[in-house]
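Sharing a structure with you now.
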Amino acid sequence: MKEPLVGRVYSILNSHFGPLYWWPAKTPFEVMVGAILTQNTSWANVEKAINLLKQNKMLSIKALRQAKLDVIQKNIRPSGFFVQKSERIKRLIGLIDSEFKGSISFMANQPLPQLREMLLATNGIGPETADSILLYALQKPVFVVDAYTRRIFGRIGLLVGTETYEEVRCVFEKNIEAETYNQYHALIVETAKNFCKKRVPLCIECPLSGLKLCNPKLFL
DNA sequence: GCCCAGGTGGGTA
DNA sequence: TACCCACATGGG
(Lines give C-alpha, C1' and ligand atoms only; values in the text may rest on other atoms or scores of the structure.)
Protein backbone atom coordinates (compact mmCIF):
# COMPACT_ATOMS: atom_id res chain seq x y z
CA MET A 1 0.00 0.00 0.00
CA LYS A 2 0.99 3.64 0.09
CA GLU A 3 1.85 3.91 3.77
CA PRO A 4 5.64 3.38 3.47
CA LEU A 5 5.63 6.78 1.78
CA VAL A 6 5.08 8.26 5.23
CA GLY A 7 8.52 7.08 6.25
CA ARG A 8 10.07 8.04 2.92
CA VAL A 9 8.76 11.59 3.12
CA TYR A 10 10.23 11.86 6.60
CA SER A 11 13.68 10.91 5.31
CA ILE A 12 13.50 13.42 2.48
CA LEU A 13 12.35 16.30 4.68
CA ASN A 14 14.73 15.42 7.50
CA SER A 15 17.79 15.44 5.25
CA HIS A 16 16.66 18.73 3.77
CA PHE A 17 15.95 20.65 6.99
CA GLY A 18 17.94 18.79 9.66
CA PRO A 19 16.99 18.88 13.36
CA LEU A 20 14.46 21.60 14.18
CA TYR A 21 14.36 21.32 17.98
CA TRP A 22 10.64 21.93 18.47
CA TRP A 23 8.41 23.36 20.02
CA PRO A 24 9.52 27.03 19.85
CA ALA A 25 9.03 27.70 23.58
CA LYS A 26 11.18 27.78 26.70
CA THR A 27 8.94 25.93 29.16
CA PRO A 28 6.26 23.22 28.98
CA PHE A 29 3.68 25.73 30.18
CA GLU A 30 4.66 28.12 27.40
CA VAL A 31 4.04 25.24 24.96
CA MET A 32 0.56 24.76 26.41
CA VAL A 33 -0.36 28.43 26.11
CA GLY A 34 1.09 28.57 22.61
CA ALA A 35 -0.92 25.50 21.61
CA ILE A 36 -4.15 27.30 22.54
CA LEU A 37 -3.12 30.64 21.05
CA THR A 38 -2.21 29.11 17.69
CA GLN A 39 -5.70 27.68 17.11
CA ASN A 40 -6.60 28.80 13.59
CA THR A 41 -4.03 31.57 13.88
CA SER A 42 -0.71 32.32 12.18
CA TRP A 43 2.33 31.82 14.38
CA ALA A 44 3.46 35.40 13.76
CA ASN A 45 0.36 36.65 15.60
CA VAL A 46 0.86 34.09 18.36
CA GLU A 47 4.41 35.36 18.88
CA LYS A 48 3.11 38.88 19.38
CA ALA A 49 0.79 37.64 22.10
CA ILE A 50 3.50 35.49 23.72
CA ASN A 51 5.87 38.47 23.77
CA LEU A 52 3.21 40.65 25.39
CA LEU A 53 2.64 38.00 28.05
CA LYS A 54 6.40 37.82 28.67
CA GLN A 55 6.82 41.59 28.85
CA ASN A 56 4.07 41.79 31.44
CA LYS A 57 5.39 38.77 33.37
CA MET A 58 2.16 36.92 32.67
CA LEU A 59 3.56 33.80 31.04
CA SER A 60 3.53 31.53 34.07
CA ILE A 61 0.87 29.26 35.50
CA LYS A 62 0.89 31.29 38.70
CA ALA A 63 0.42 34.65 36.99
CA LEU A 64 -2.29 33.43 34.63
CA ARG A 65 -4.07 31.62 37.47
CA GLN A 66 -4.38 34.90 39.36
CA ALA A 67 -5.07 37.13 36.36
CA LYS A 68 -8.57 38.29 35.50
CA LEU A 69 -10.00 37.37 32.11
CA ASP A 70 -9.94 40.92 30.76
CA VAL A 71 -6.27 41.30 31.65
CA ILE A 72 -5.40 38.08 29.86
CA GLN A 73 -7.45 39.24 26.89
CA LYS A 74 -5.49 42.49 26.58
CA ASN A 75 -2.26 40.52 26.49
CA ILE A 76 -3.30 37.89 23.97
CA ARG A 77 -5.33 40.20 21.72
CA PRO A 78 -2.92 40.00 18.73
CA SER A 79 -3.54 36.26 18.43
CA GLY A 80 -7.25 36.80 17.73
CA PHE A 81 -10.25 35.00 19.24
CA PHE A 82 -9.01 36.48 22.51
CA VAL A 83 -12.25 36.10 24.49
CA GLN A 84 -12.49 32.36 23.78
CA LYS A 85 -8.77 31.80 24.16
CA SER A 86 -8.58 33.54 27.55
CA GLU A 87 -11.30 31.22 28.82
CA ARG A 88 -9.54 28.21 27.33
CA ILE A 89 -6.28 29.11 29.10
CA LYS A 90 -8.19 29.42 32.37
CA ARG A 91 -9.87 26.05 31.85
CA LEU A 92 -6.52 24.39 31.14
CA ILE A 93 -5.08 25.80 34.37
CA GLY A 94 -8.25 24.62 36.13
CA LEU A 95 -7.58 21.11 34.86
CA ILE A 96 -3.93 21.21 36.00
CA ASP A 97 -5.01 22.46 39.43
CA SER A 98 -7.91 20.08 39.99
CA GLU A 99 -6.42 16.91 38.53
CA PHE A 100 -2.64 17.36 38.81
CA LYS A 101 -2.05 19.35 42.02
CA GLY A 102 -1.23 22.42 39.95
CA SER A 103 2.01 20.73 38.90
CA ILE A 104 3.03 20.18 35.28
CA SER A 105 5.77 17.73 36.25
CA PHE A 106 3.21 15.70 38.20
CA MET A 107 0.93 15.88 35.19
CA ALA A 108 3.74 14.64 32.92
CA ASN A 109 4.10 11.51 35.06
CA GLN A 110 0.52 10.37 34.43
CA PRO A 111 -0.28 7.74 31.77
CA LEU A 112 -0.95 8.97 28.25
CA PRO A 113 -4.49 7.58 27.70
CA GLN A 114 -5.90 9.24 30.81
CA LEU A 115 -4.10 12.51 30.07
CA ARG A 116 -5.43 12.62 26.53
CA GLU A 117 -8.96 11.82 27.69
CA MET A 118 -8.90 14.60 30.29
CA LEU A 119 -7.49 17.16 27.88
CA LEU A 120 -10.11 16.31 25.26
CA ALA A 121 -12.85 16.56 27.88
CA THR A 122 -11.79 20.15 28.52
CA ASN A 123 -13.89 22.65 26.55
CA GLY A 124 -11.72 24.45 24.02
CA ILE A 125 -9.08 21.73 23.80
CA GLY A 126 -9.60 19.63 20.70
CA PRO A 127 -7.42 16.83 19.29
CA GLU A 128 -4.67 19.00 17.80
CA THR A 129 -4.27 21.19 20.86
CA ALA A 130 -4.35 18.15 23.15
CA ASP A 131 -1.75 16.27 21.12
CA SER A 132 0.54 19.32 20.83
CA ILE A 133 0.44 19.60 24.62
CA LEU A 134 1.02 15.86 25.08
CA LEU A 135 3.92 15.67 22.63
CA TYR A 136 5.73 18.96 23.09
CA ALA A 137 4.97 19.90 26.69
CA LEU A 138 4.66 16.47 28.32
CA GLN A 139 6.95 14.39 26.04
CA LYS A 140 4.28 11.78 25.31
CA PRO A 141 4.43 9.68 22.12
CA VAL A 142 1.54 11.16 20.11
CA PHE A 143 1.67 12.35 16.51
CA VAL A 144 0.16 15.80 15.96
CA VAL A 145 -2.10 16.16 12.92
CA ASP A 146 -2.70 19.70 11.70
CA ALA A 147 -3.93 21.56 8.63
CA TYR A 148 -0.42 21.41 7.14
CA THR A 149 -0.30 17.63 7.52
CA ARG A 150 -3.61 17.28 5.71
CA ARG A 151 -2.62 19.74 2.98
CA ILE A 152 0.78 18.27 2.19
CA PHE A 153 -0.24 14.62 2.34
CA GLY A 154 -3.42 15.40 0.47
CA ARG A 155 -1.37 16.90 -2.36
CA ILE A 156 0.95 13.89 -2.35
CA GLY A 157 -2.12 11.67 -2.68
CA LEU A 158 -1.77 9.83 0.61
CA LEU A 159 -4.93 11.37 2.05
CA VAL A 160 -8.20 11.88 0.24
CA GLY A 161 -9.44 14.51 2.66
CA THR A 162 -12.32 12.72 4.33
CA GLU A 163 -10.21 10.92 6.95
CA THR A 164 -10.96 11.69 10.57
CA TYR A 165 -8.30 13.15 12.85
CA GLU A 166 -7.80 9.76 14.52
CA GLU A 167 -7.47 7.96 11.20
CA VAL A 168 -4.70 10.28 10.02
CA ARG A 169 -2.93 10.01 13.37
CA CYS A 170 -3.02 6.21 13.16
CA VAL A 171 -1.52 6.17 9.66
CA PHE A 172 1.48 8.12 10.94
CA GLU A 173 1.85 6.36 14.27
CA LYS A 174 1.78 2.94 12.61
CA ASN A 175 4.45 3.81 10.07
CA ILE A 176 7.09 5.84 11.92
CA GLU A 177 9.04 5.51 15.14
CA ALA A 178 7.65 7.34 18.17
CA GLU A 179 11.01 9.07 18.56
CA THR A 180 10.38 10.90 15.28
CA TYR A 181 6.90 12.28 16.07
CA ASN A 182 8.36 15.51 17.42
CA GLN A 183 10.70 16.16 14.50
CA TYR A 184 8.23 14.98 11.83
CA HIS A 185 5.51 17.42 12.77
CA ALA A 186 8.10 20.20 12.93
CA LEU A 187 9.32 19.22 9.45
CA ILE A 188 5.77 19.33 8.10
CA VAL A 189 5.20 22.83 9.48
CA GLU A 190 8.57 23.98 8.16
CA THR A 191 7.82 22.52 4.74
CA ALA A 192 4.43 24.20 4.59
CA LYS A 193 5.84 27.57 5.64
CA ASN A 194 8.66 27.38 3.11
CA PHE A 195 6.92 25.88 0.14
CA CYS A 196 3.13 25.94 0.25
CA LYS A 197 2.79 29.62 -0.51
CA LYS A 198 5.62 29.68 -3.02
CA ARG A 199 4.00 26.97 -5.16
CA VAL A 200 7.05 24.75 -5.48
CA PRO A 201 6.31 21.83 -7.83
CA LEU A 202 5.82 18.58 -5.99
CA CYS A 203 8.81 16.29 -6.44
CA ILE A 204 9.27 13.02 -4.64
CA GLU A 205 11.33 9.88 -5.18
CA CYS A 206 9.27 6.76 -5.81
CA PRO A 207 10.12 4.17 -3.13
CA LEU A 208 9.49 1.28 -5.52
CA SER A 209 11.24 2.38 -8.68
CA GLY A 210 13.71 4.81 -7.15
CA LEU A 211 12.67 7.26 -9.87
CA LYS A 212 11.91 10.87 -9.09
CA LEU A 213 8.29 11.76 -9.69
CA CYS A 214 7.76 15.38 -10.59
CA ASN A 215 4.31 16.70 -11.33
CA PRO A 216 4.43 20.32 -12.49
CA LYS A 217 0.69 20.63 -11.92
CA LEU A 218 0.86 19.62 -8.29
CA PHE A 219 2.18 21.95 -5.64
CA LEU A 220 3.04 21.60 -2.01
C1' DG B 1 -10.67 45.52 0.37
C1' DC B 2 -10.12 40.48 0.40
C1' DC B 3 -8.23 36.13 1.85
C1' DC B 4 -6.13 33.28 4.99
C1' DA B 5 -3.95 31.38 9.31
C1' DG B 6 -0.39 25.20 13.13
C1' DG B 7 -8.98 24.86 15.65
C1' DT B 8 -12.99 24.25 18.39
C1' DG B 9 -17.71 23.90 19.65
C1' DG B 10 -22.45 24.50 18.82
C1' DG B 11 -26.34 24.17 15.79
C1' DT B 12 -29.05 21.99 12.09
C1' DA B 13 -30.75 18.32 8.72
C1' DT C 1 -22.48 11.69 9.94
C1' DA C 2 -22.07 15.91 7.28
C1' DC C 3 -22.05 20.39 6.67
C1' DC C 4 -22.63 25.40 8.40
C1' DC C 5 -21.23 29.16 11.34
C1' DA C 6 -19.02 32.26 14.97
C1' DC C 7 -14.98 33.47 16.97
C1' DA C 8 -10.84 38.24 15.66
C1' DT C 9 -6.31 39.89 14.66
C1' DG C 10 -2.67 41.04 11.33
C1' DG C 11 0.07 40.13 7.06
C1' DG C 12 0.26 39.44 2.01
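Throughout, a chain's letter reflects where its sequence line sits, starting with A, and its residues are numbered from 1.
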Query raised in the report: What class does the angle between the rings of A/His185 and A/Trp22 fall in, given that below 30° is parallel, 30 to 60° is tilted and above 60° is perpendicular?
Result: perpendicular
Report summary line: When rounded to whole Å, the CD to P distance for the pair A/Gln84 and B/dG9 reads 10 Å
**Report entry** Any pair counted as ring-ring contact (aromatic ring centres under 6.0 Å, His included), so long as it reaches residues 29-71 of chain A, sequence neighbours left out
**Finding:** A/Trp23-A/Trp43
Query raised in the report: Among residues 119-139 of chain A, which residues get a heavy atom nearer than 4.0 Å to DNA chain C?
Result: none
Query raised in the report: Does A/Phe100 have any ring-ring contact (aromatic ring centres under 6.0 Å, His included) partners at least two apart in sequence or in another chain, and if so, which?
Result: none
Requested in this report: Scan A/Val83 against the nucleic acid and name what it touches under 4.0 Å (heavy atoms): base, sugar-phosphate only, or nothing.
Outcome: sugar-phosphate
Report task. Using the test ring-ring contact (aromatic ring centres under 6.0 Å, His included), find all partners of A/Phe82 that sit at least two apart in sequence or belong to another chain. Result ->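 Scan of A/Phe82 (ring-ring contact (aromatic ring centres under 6.0 Å, His included), adjacent residues dropped) gives none.
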Report task. Let me know the distance between CZ of A/Arg91 and C1' of B/dG9, rounded to the nearest Å. Result -> 10 Å
Requested in this report: Would you mind reading off the distance between A/Arg151 atom CZ and B/dG7 atom P, rounded to a whole angstrom?
Outcome: 9 Å
Query raised in the report: How would you give the extent of chain A contacts on DNA chain C, as first and last nucleotide 5' to 3' within a 4.0 Å heavy-atom cut-off?
Result: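 Terminal contacting nucleotides, 5' to 3': C/dC7 to C/dG11.
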Pair up each side-chain donor or acceptor in residues 91-98 of chain A with any protein partner under 3.5 Å, not counting sequence neighbours, and list the distances.
unit_1: A/Arg91; atom_1: NH1; unit_2: A/Asn123; atom_2: O; d: 2.7
unit_1: A/Arg91; atom_1: NH1; unit_2: A/Asn123; atom_2: OD1; d: 3.1
unit_1: A/Asp97; atom_1: OD1; unit_2: A/Arg65; atom_2: NE; d: 3.4
unit_1: A/Asp97; atom_1: OD1; unit_2: A/Arg65; atom_2: NH2; d: 2.8
unit_1: A/Asp97; atom_1: OD2; unit_2: A/Arg65; atom_2: NE; d: 2.8
unit_1: A/Ser98; atom_1: OG; unit_2: A/Gly94; atom_2: O; d: 2.9
unit_1: A/Ser98; atom_1: OG; unit_2: A/Leu95; atom_2: O; d: 3.4

**Report entry** Watson-Crick and G-U pairing of DNA chain C written in dot-bracket, each distance under 3.5 angstrom, with | for inter-strand partners
**Finding:** |||||||.||||
Requested in this report: Please list, chain by chain and in numerical order, all residues satisfying salt bridge (charged side-chain N to carboxylate O under 4.0 Å, His left out) with A/Lys74, sequence neighbours excluded.
Outcome: none
Requested in this report: Please list residues of residues 70-78 of chain A whose heavy atoms come under 4.0 Å from any atom in DNA chain C, ordered by number; otherwise none.
Outcome: A/Arg77, A/Pro78
Query - Contact check, side chains of A/Glu87 and A/Leu69, non-hydrogen atoms, under 4.5 Å - result: yes
**Report entry** Interatomic distance, A/Leu92 CG vs B/dG7 P [rounded to whole Å]
**Finding:** 18 Å
Query raised in the report: Between B/dG9 atom C1' and A/Ile36 atom CD1, what is the distance in whole Å?
Result: 14 Å
Query raised in the report: Which is true for A/Ala147 with a 4.0 Å heavy-atom rule: it touches a base, it touches only sugar-phosphate, or it touches nothing?
Result: sugar-phosphate
Query - From A/Ile89 atom CD1 to A/Gln73 atom CD, the distance as rounded to the nearest 0.5 Å - result: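 Going from the CD1 atom of A/Ile89 to the CD atom of A/Gln73 covers 10.0 Å.
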**Report entry** Residues within residues 45-61 of chain A bordering DNA chain B, heavy-atom distance below 4.0 Å
**Finding:**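 Residues of residues 45-61 of chain A under 4.0 Å from DNA chain B: none.
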Query raised in the report: Do you know which two heavy atoms are closest between A/Ile76 and A/Ala49, and how far apart they sit?
Result: CA-CB, 3.8 Å
Requested in this report: Output every pair passing ring-ring contact (aromatic ring centres under 6.0 Å, His included) with a member in residues 152-178 of chain A, not counting sequence neighbours, ordered by first then second residue.
Outcome: A/Phe143-A/Phe172, A/Phe153-A/Phe172, A/Phe172-A/Tyr184
Query raised in the report: So what does A/Asn40 touch, heavy atoms closer than 4.0 Å: a base, only the sugar-phosphate, or nothing?
Result: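 Base: the residue A/Asn40, judged by heavy atoms under 4.0 Å, touches a nucleobase.
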Query raised in the report: So what does A/Phe81 touch, heavy atoms closer than 4.0 Å: a base, only the sugar-phosphate, or nothing?
Result: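 Counting heavy atoms under 4.0 Å across all strands, the contact made by A/Phe81 includes a base.
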Report task. Go through the structure and list residues passing salt bridge (charged side-chain N to carboxylate O under 4.0 Å, His left out) with A/Glu166, not counting sequence neighbours. Result ->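 A/Glu166: salt bridge (charged side-chain N to carboxylate O under 4.0 Å, His left out) contacts with A/Arg116, A/Arg169.
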